[in-house]
Enquirer: 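My questions all concern the structure below.
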Amino acid sequence: GCIYSNMLHIKRTLSKNLHHNRRYYALKQSQREYFYWLSVHGHLYCIQPDAPKMPTGPTYLKDAKFLNFFYRRVKVNDSGKHQDYPYLSKCAGELNFLKVAVKPVVFRELDIENEELIYAADLREKFQPEKLIVSSE
């Protein structure tokens, strides 16, 4: 009785784990891909990968949670895919490719009191004037 019950439990557990592994690998093989453009003003736009020109205007992404999440994960695109997008922000089963006007981070505000630059929604970086780049646009 006890041995049979344990064997049945092990079989169910293995079957359940195998099912989850199959789903995991199916998701890994079909990663969703999204494409973004970062303007010189620090506005992030979701774009079509073959867009003839980059967007401007008020249609940029504004959700604070998304922006902070996205920017915390930005790194150089080493995926081997879409090399014309030099940066990548990975999120679970998604690959978010990023093209930029100048640099992958655009600071939009200076908190003088705390000597910090603010980017994304409210991410902060210590102000280091010797590392600043100013765009002509």
Side-chain angles (χ1 to χ4, degrees):
C2 186
I3 293 174
Y4 175 76
S5 176
N6 284 340
M7 292 295 282
L8 190 57
H9 174 72
I10 290 170
K11 184 177 178 185
R12 285 183 187 148
T13 301
L14 288 173
S15 177
K16 186 177 178 183
N17 287 342
L18 182 60
H19 175 72
H20 286 300
N21 286 341
R22 283 186 189 142
R23 270 198 351 218
Y24 170 78
Y25 287 111
L27 283 173
K28 288 294 274 183
Q29 292 172 354
S30 64
Q31 285 185 316
R32 292 174 294 184
E33 296 178 348
Y34 296 96
F35 301 87
Y36 295 88
W37 164 251
L38 180 66
S39 76
V40 295
H41 303 290
H43 297 153
L44 185 66
Y45 297 88
C46 187
I47 62 171
Q48 294 298 318
D50 54 355
K53 66 179 198 168
M54 295 304 139
T56 59
T59 60
Y60 58 90
L61 301 168
K62 298 172 183 104
D63 182 79
K65 276 182 146 178
F66 172 79
L67 291 171
N68 288 343
F69 185 85
F70 182 92
Y71 279 102
R72 281 188 183 109
R73 288 159 180 73
V74 169
K75 64 176 196 139
V76 171
N77 179 3
D78 60 359
S79 70
K81 296 179 173 184
H82 307 289
Q83 294 303 304
D84 53 329
Y85 286 79
Y87 301 98
L88 177 67
S89 177
K90 291 183 181 180
C91 170
E94 297 176 358
L95 296 176
N96 300 296
F97 294 94
L98 177 64
K99 272 187 183 180
V100 300
V102 181
K103 294 285 180 183
V105 173
V106 176
F107 296 105
R108 57 178 182 73
E109 190 177 332
L110 172 61
D111 178 346
I112 295 172
E113 185 176 312
N114 295 312
E115 297 182 0
E116 293 176 323
L117 292 165
I118 302 170
Y119 65 104
D122 56 11
L123 298 179
R124 295 171 173 265
E125 188 72 33
K126 194 71 180 157
F127 180 50
Q128 299 173 352
E130 68 278 2
K131 293 186 177 182
L132 283 180
I133 296 173
V134 178
S135 173
S136 60
E137 292 185 37

Enquirer: Going by the rule ring pair (Phe, Tyr, Trp, His ring centres under 6.0 Å), which residues pair with F97 if we only count those two or more places apart in sequence or in a different chain?
Expert: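 Per chain and number, F97 pairs via ring pair (Phe, Tyr, Trp, His ring centres under 6.0 Å) with F35, H82.
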Enquirer: From S79 OG over to Q31 CD, what is the distance, rounded to the nearest 0.5 angstrom?
Expert: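 These two atoms lie 9.0 Å from each other.
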Enquirer: Which pairs, with at least one residue in residues 44-68 and sequence neighbours excluded, count as a side chain to side chain donor-acceptor pair (under 3.5 Å)?
Expert: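 Every pair satisfying side chain to side chain donor-acceptor pair (under 3.5 Å) with a residue in residues 44-68: N68-D122.
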Enquirer: May I ask whether Y36 and L38 are part of the same hydrophobic cluster, defined by side-chain heavy atoms of I, L, V, M, F, W, Y residues being less than 4.5 angstrom apart, directly or through others?
Expert: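 Looking at the clustering, L38 is in the same group as Y36.
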Enquirer: Taking atom OH of Y85 and atom NZ of K99, what is their separation to the nearest 0.5 Å?
Expert: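 If we round to the nearest 0.5 Å, Y85:OH and K99:NZ are 4.5 Å apart.
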Enquirer: Applying side chain to side chain donor-acceptor pair (under 3.5 Å), can you list everything that pairs with E116, at least two apart in sequence or on another chain?
Expert: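 Partners of E116 under the side chain to side chain donor-acceptor pair (under 3.5 Å) test: R124.
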Enquirer: With the side chain counted from C-beta on, respond yes when V106 and H41 share a heavy-atom pair under 4.5 Å apart, and no when they do not.
Expert: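 Side-chain contact under 4.5 Å: no.
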Enquirer: Measure from NZ or CZ of R73 to the centre of the six-membered ring of F69, then state whether that distance is under 6.0 Å and the direction lies within 45° of the axis.
Expert: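 Yes - R73 lies over the ring of F69, closer than 6.0 Å to its centre and within 45° of its axis.
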Enquirer: Could you report the tightest heavy-atom contact between S39 and A101, atom names first, then the distance?
Expert: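 Where S39 meets A101 most closely, the heavy atoms are C-CB, 4.0 Å.
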Enquirer: Roughly how far apart are I118 CD1 and E125 CD, rounded to 0.5 Å?
Expert: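 The CD1 atom of I118 sits 12.0 Å away from the CD atom of E125.
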Enquirer: Measuring from F70:CZ to C46:SG, what's the distance to the nearest 0.5 Å?
Expert: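 Rounded to the nearest 0.5 Å, the CZ-SG separation comes to 9.0 Å.
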Enquirer: Output all residues satisfying salt bridge (Lys or Arg N to Asp or Glu O under 4.0 Å) with E94, sequence neighbours left out; order by chain, then residue number.
Expert: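 Partners of E94 under the salt bridge (Lys or Arg N to Asp or Glu O under 4.0 Å) test: R32.
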Enquirer: Under a 3.5 Å distance rule, please check whether R108 uses its side chain to pair with a backbone N or O of A120 as donor and acceptor.
Expert: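 Flag set: sc R108 to bb A120 pair under 3.5 Å.
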Enquirer: Among residues two or more places apart or on two chains, list those pairs meeting ring pair (Phe, Tyr, Trp, His ring centres under 6.0 Å) that have a residue in residues 112-134.
Expert: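 Qualifying pairs, neighbours excluded: F107-Y119.
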Enquirer: Which residues pass the side chain to side chain donor-acceptor pair (under 3.5 Å) test with K103, not counting sequence neighbours?
Expert: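 K103: no side chain to side chain donor-acceptor pair (under 3.5 Å) contacts found.
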Enquirer: Please tell me whether L88 and Y71 are part of a single hydrophobic cluster in this structure, the criterion being side-chain heavy atoms less than 4.5 Å apart.
Expert: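 They do not share one cluster, since no chain of ILVMFWY contacts under 4.5 Å joins L88 to Y71.
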Enquirer: Do L95 and Y34 sit in one hydrophobic cluster, given that two such residues count as connected whenever their side-chain heavy atoms are within less than 4.5 Å of each other, even indirectly?
Expert: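 No: no chain of side-chain contacts under 4.5 Å links L95 to Y34.
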Enquirer: Group every Ile, Leu, Val, Met, Phe, Trp and Tyr by side-chain heavy-atom contacts under 4.5 Å, then state whether V100 and F66 land in the same group.
Expert: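 Same hydrophobic cluster.
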Enquirer: Quick check: does any side chain N or O of E115 sit under 3.5 Å from a backbone N or O of E113, one acting as donor and the other as acceptor?
Expert: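 No, E115 side chain to E113 backbone: no donor-acceptor pair under 3.5 Å.
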Enquirer: Is there a side-chain contact between N96 and K90 in this structure, where contact means two heavy atoms from C-beta onward sitting under 4.5 Å apart?
Expert: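 Contact flag for N96/K90 side chains = no.
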Enquirer: Hydrophobic clustering (ILVMFWY, side-chain heavy atoms < 4.5 Å, transitive) - are W37 and V74 grouped together?
Expert: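 V74 and W37: separate clusters.
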Enquirer: When you compare the side chain of S89 with that of L98, does any pair of heavy atoms fall below 4.5 Å?
Expert: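 No; the side chains remain at least 4.5 Å from each other.
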